[in-house]
Structure formats: C-alpha cells, structure tokens
Amino acid sequence: MLKELTKISCLKDNVDKNVTIGGWVRHLRPSGKLIFIVIRDGSGLCQCVIEKEKISDELFEQLKRLGAESSLTLTGSVRKDARSVGGYELIVSDAKVFCESTDYPITPKSHGIDFLMKNRHLHLRSQRQWCIGKVRHTVVNAIRQFLNDNGYVLVDTPILTGIVGEEAGSLFNVDYFDMPAFMTQTGQLHVECGAMSYGKVYCFGPTFRAEKSKTRRHLTEFWMVEPEITFIDLPDLLEITENFVSFIVKEVLDKNETELKTLGSDIESLKKITPPFYRLTYTQASEILTSQKTQDFLAAQLNEFKTQKQEIENKIAALETEAKGQIKQWRQDKIASELIDLRSDLAEIETKIENNPKHAKLASQFQWGKDLGGSDETIISLMHDKPVFVTHYPRDAKAFYMKQDPENPETVQNFDMLAPAGFGEIIGGSMREDIHDKLLARINEQGYKLENYQWYLDLRKFGSVPHGGFGLGVERTLAWLTGEKHIRQCIAFPRMMDKILI
RNA sequence: UCCCCGAUAGCUCAAUCGGUAGAGCGAGCGGCUGUUAACCGCUAGGUCGUAGGUUCGAGUCCUACUCGGGGAGCCA
C-alpha cells in the first residue's frame, strides 16, 4: 500500500498525473455539491476537492460527514492552484476511509495551555507542534553532524549515577537495589574519561534536574549535548562554541525556512548569527548591570511597555463602544474574539510592566560575587544582537570542577552563552581544573565524599592535560530559534515540576 | 519555599451596583459549486473548582483548601 501512495510534499512533481495520497483530515468544508478537505500526511498539507458528480452518492455523503482527524486515502489528479494551501490540490475521483473520527477535542479555535497539555498526545499533530518538531530534528542532526565531521567521538554516559556533578538536592533519587543513586544531571564527569581516551568526545542524551522551577525556561527532563576537548584553552573553547552554534543556526535556516516562517521566528536576526560572538567578563557584565545605561535602557523599555498598554486599552475601548451600537451579528462575533486576544495581550504587558522595576532593582543592586540571575541575563542579552559569552565568574558561585583562573584566583575559566532577544542562557561551559591537588582541595572544601571522586581525580594523576567543554540545552536552543515562548512546546512529552502527562 | 493572577457549557470567554446563566466555536439537523478558523437557519448542551460564611437574595463579597498560569531563587 505504502508504495502506491504519493507524499504531499511530492505533489509538485506530479502535476496533471493521477495519484493517491493517504493522511488525516485537518479541516473539512462541505458546500452543497462540493467538499473541500484539507489533508495532512506528515509531509505537508493538501486541499482535496470533491465534486458530487465525480463520485458515488454514497461516498459523497460519507466524506461530507467526516470529522477532524479521520484517516483516509484519496485518489485523483493533481492540479496547481495558488488559492490552495501548499499551492497544489487534488481533484478527487475515489477515496477510501479507514477511520471516521468524531468529536476530535482540538478544534480550529484557540485553546488554553492546560487543555493542550492534557491532550498532548493529539496536540503533536497540530501545525505549530509539527513545525517545532521538524526544526528539532534539524537541530539534533546538526549537532551530531558538526561533532562527527570535526573528529569528535560519541561516548554514551550513564543515566543512572552514584555521583553528583554540582549541587545535590536538585537531583532525582532512585532506589537502586536498596542503594542510593540519582538520575544524571550531567554526563560531563564521565565524558571527561572519554576525552582522555579519544581527545575530542561528546555525550548527547536526556538529563534530569529536580529543581522546583516553574518558569518558561525549565523542564525536569531535557536533552543536552556535552562536547569535551583536550589540549585547549578558554579562547579556543569559545571559538569552538561559536562555530558550533553558528553551524546549527545555518542548518536550520537552510532546511526549515518554511517552518520558521510559519512559527513567526525572526529569520533576519538569525541570519546575523555568525562568528565572532560578543565576549564579556563577568566583571564587565556586572558593571553593565549597575550602570546608568542599564537603568536608562530599562526605563525606555518601561515607557515602551506603557505605550503599548495604552494602545491596547484604546483598541479595547473602541471595540467595546462599537459593540454597544447597532451592528451586524457577524461583526459582534468578530469584536468578541478580538477582545479576547486584546485582553490576553493586555495581561501580558501588565506583567511586564510589573516586573520591569523589580528587574531594574535587581540589576542595580547586583553585587560582585553573586551568580547572574535570569532577569540579569535577559537584560544583557536584550542589549546585544548576537549571542554573548559571559566569562570568568566568581569561583564561589560555580561548580567545583571549573578551572581556577591563574591571573585572577577569585574567578574560574568558565562561560555562559546568552542567546539574543532576551531568551537567556542556552549554554554553560568551562575549562576543567586539571591540577590534581587543587581539585582535591576543592572537593574537600565542598564536603563531597572523596571516595566517590577518586576515579575523577585519577584523570588528573595519569596524564592530565588542559581540557574543557560545555553543555548545550536542546529545548532552550529550539525556543530561541523558533521564537516559542515556553520550552515545554519544544519537546514532544515535557516533564515539568509536579506534572508527568502520559 | 515565596510573590502575583486565575478557575462559569466539550473548548475560548462574557455576565455592569449582589437581583431570572450568555455568546462564538465544537457537536447534531437543514441549505449553499471555490471555500481558506467559510457562510446562513434551527436543535441539544450548566451542581458557576471544593467546603464553609455574610445576605431576603451570591457566578459576583469574605475565609480556607485544591488545581492551573506567570515570576523569584536555581539552572541548560
């Protein structure tokens, strides 16, 4: 059967030919003796036109009553038509229905996030989710391609682990045959072993954090790629990172322009993502945050928000006045629907207005020594049109394995990469402490159990070399590239705090 | 753990001062040969999140709880 079917994406090569497509009903409009069915088959969308006299009365009646997401095959001739979704349509001569769906819960009108998440198993078929999934596929593929083509060897690190990469308390505990174990929160420590074997390696898989974070940037299970490279210094590492990220962006622009357009992502600004990225030290970043420039920037932003709010309120008032007058029913309906959208926009802008002074205060009170907060990162990234590397964080704010900077022992040789347009951190990386005694002292300072880290210390005993790496969050990268506000839409089955659906 | 917001039909939302529960979509029936979230007519659809309280009267006011959304901290 499969061999006899033509993919919708291949219709352009079959104009005026007779083909059969197989898929699901996205939308159906009967119009007397004519039916329009928009079919999706996983490769694209196609409008099928059914004229009553061309098929049997029985079949016509059956097709006319098909609900959304009914499955069927349709046979007919392909015609180029600019009015049609995708530019081609099928003039149907025959059809075979596999499943008549009724009461499909996701309708063409808008739905709340709670409802969509409860119907996640079906929501994945919708257009936005389909587009994000296609981009995700490209991103994952680009990650593997870049690393494989540049001499990195894949090392699969364990998901069940007995040790902690950074801070405990934010890990999922597992009862491992009555022994305590954790779900991994990073493959880094293990992948370093591989680096000393192959020189350049990476691990790529799911990772788990039990942080009780309810924000648009957090999942408890997410995918992360972690390259690790030997015989490098921090400038080398930044260069590798910017080449890596630029390659991913370029691949997505090449392969998913249609999807990006549908999703409404900012293609022009993505085209600017080429090396070099901006480089700031943590100290420079903290100076920016506490500067007058930042206060002015945020004040200007606040004014912009207030203007937007006023505009929305004016629109709402005008529509409400119009709705009170004597107008046609269809116009009343349209106004009602516009009002719903406007009120939602209004709520969003009000939240921004409410948060702006808080963020301004946090930035102005920023003290050297603290980690950069989410809002601080947002401010810095909004002030730049390309990704920003923030390097040399205070040693006390960072993980034990990060290499102390010889020139400024208060800091470590690490970096965070902030995506532009306010999305914030998508990469965290560092040079690793390669001096045995310094690492040992750090493990003791943190109060970690030495026996758990003996093997990790061995890497510094037997042929230690300068090395470093980073972790890139796949869902955060996707949210940035697609313009999606929340990373829960960037993975098929998101796991969030207090929520596991199917 | 803390702060803010919310919960009304299957879905998205209205309901003015505390006074008879509303609309669109979706579903069902009928009409329409070029629709793009089509359109037109009709029908069905409700324990207003839960439990108390105030009141002649509560979707509306008060208290607690539950669930959800956004943010802080933390992070990819």
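To find a chain, count down the sequence lines: A is the first, B the second, and so on, and within it residues start at 1.
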Looking only at atom [atom1], what distance separates [N] and [M], rounded to whole Å?
N	M	atom1	value
U55(B)	A9(B)	P	30 Å
A58(B)	G53(B)	C1'	11 Å
G6(B)	C62(B)	P	11 Å
U36(B)	U47(B)	P	36 Å
C48(B)	C5(B)	P	25 Å
C61(B)	G18(B)	P	8 Å
G10(B)	C67(B)	P	22 Å
U63(B)	G45(B)	P	37 Å

For residues 360-372 of chain A, which side-chain N or O atoms pair as donor and acceptor with protein atoms under 3.5 Å away, sequence neighbours left out?
unit_1  : atom_1 : unit_2  : atom_2 : d
S364(A) : OG     : A360(A) : O      : 3.4
S364(A) : OG     : K361(A) : O      : 2.9
W368(A) : NE1    : T283(A) : OG1    : 3.0

Nucleotide nearest [X] when distance is taken to its side chain, options [options]:
X	options	result
F222(A)	G71(B), A76(B), G69(B)	A76(B)
Q47(A)	U35(B), A76(B), C75(B)	U35(B)
R476(A)	G70(B), C75(B), A72(B)	C75(B)
L362(A)	U36(B), G71(B), G73(B)	G73(B)
D81(A)	G68(B), G70(B), G34(B)	G34(B)
K214(A)	G34(B), G70(B), C75(B)	G70(B)
F115(A)	A76(B), U35(B), G10(B)	G10(B)
T215(A)	C75(B), G69(B), G73(B)	G73(B)

Judged by whether its glycosidic angle lies within 90° of 0, C17(B) is syn
Side chain to side chain donor-acceptor pair (under 3.5 Å) contacts touching residues 237-247 of chain A (sequence neighbours left out): E242(A)-R279(A)
Could you pull out all residues at least two apart from [X] that satisfy ring pair (Phe, Tyr, Trp, His ring centres under 6.0 Å)?
X	answer
H121(A)	none
F423(A)	none
Y202(A)	none
H218(A)	none

Scan [X] against the nucleic acid and name what it touches under 4.0 Å (heavy atoms): base, sugar-phosphate only, or nothing.
X	answer
E377(A)	base
L219(A)	base
G424(A)	nothing
D371(A)	sugar-phosphate
E226(A)	nothing
L472(A)	nothing

Might you list the N or O atoms of the protein lying below 3.5 Å from N or O atoms in nucleotides 2-8 of chain B, with each pair's distance?
none

Side chains of E192(A) and Y401(A): do they bring a donor and an acceptor to under 3.5 Å? no
With no hydrogens and no angle check, do the side chains of S77(A) and R79(A) hold a donor and an acceptor under 3.5 Å apart? no
Just verifying a value: how many Å separate I487(A) CD1 and F222(A) CZ, rounded to the nearest 0.5 Å? 8.0 Å
Scan residues 36-49 of chain A for pairs that pass salt bridge (Lys or Arg N to Asp or Glu O under 4.0 Å), counting only residues two or more places apart or in two chains. R40(A)-E69(A)
Distances for protein N/O vs nucleotides 26-33 of chain B N/O pairs under 3.5 angstrom?
unit_1 : atom_1 : unit_2 : atom_2 : d
C32(B) : N3     : G32(A) : N      : 3.4
C32(B) : N4     : G32(A) : N      : 3.4
U33(B) : OP2    : K33(A) : N      : 3.3
U33(B) : O4     : E53(A) : OE1    : 3.2
U33(B) : O4     : E53(A) : OE2    : 2.8

Does RNA chain B take part in any stems of at least 3 consecutive Watson-Crick or G-U pairs (both distances under 3.5 Å), and if so, which ones? B:1-7 with B:66-72, B:10-13 with B:22-25, B:27-31 with B:39-43, B:49-53 with B:61-65
With a 4.0 Å cutoff (strictly under), does any side-chain N or O of R217(A) reach OP1 or OP2 of G73(B)? no
Apply side chain to side chain contact (heavy atoms under 4.5 Å, CB included) to I106(A) and list each qualifying residue two or more places apart in sequence or on a separate chain. Y104(A), H111(A), F115(A), L116(A), N119(A), L122(A), H123(A)
Would you mind checking if R83(A) and E89(A) are paired as a salt bridge, meaning a charged N to carboxylate O distance below 4.0 Å? no
List the atom pairs, with distances to 0.1 Å, where a side-chain N or O of residues 56-63 of chain A and a protein N or O form a donor-acceptor pair under 3.5 Å, not counting sequence neighbours.
unit_1 : atom_1 : unit_2  : atom_2 : d
S56(A) : OG     : L59(A)  : N      : 3.1
E61(A) : OE1    : R65(A)  : NH2    : 3.2
Q62(A) : NE2    : E100(A) : OE2    : 3.0

Determine whether the aromatic ring of H111(A) stacks with the base of C11(B), defined as ring centroids separated by less than 5.5 Å and ring planes inclined by less than 30°. no
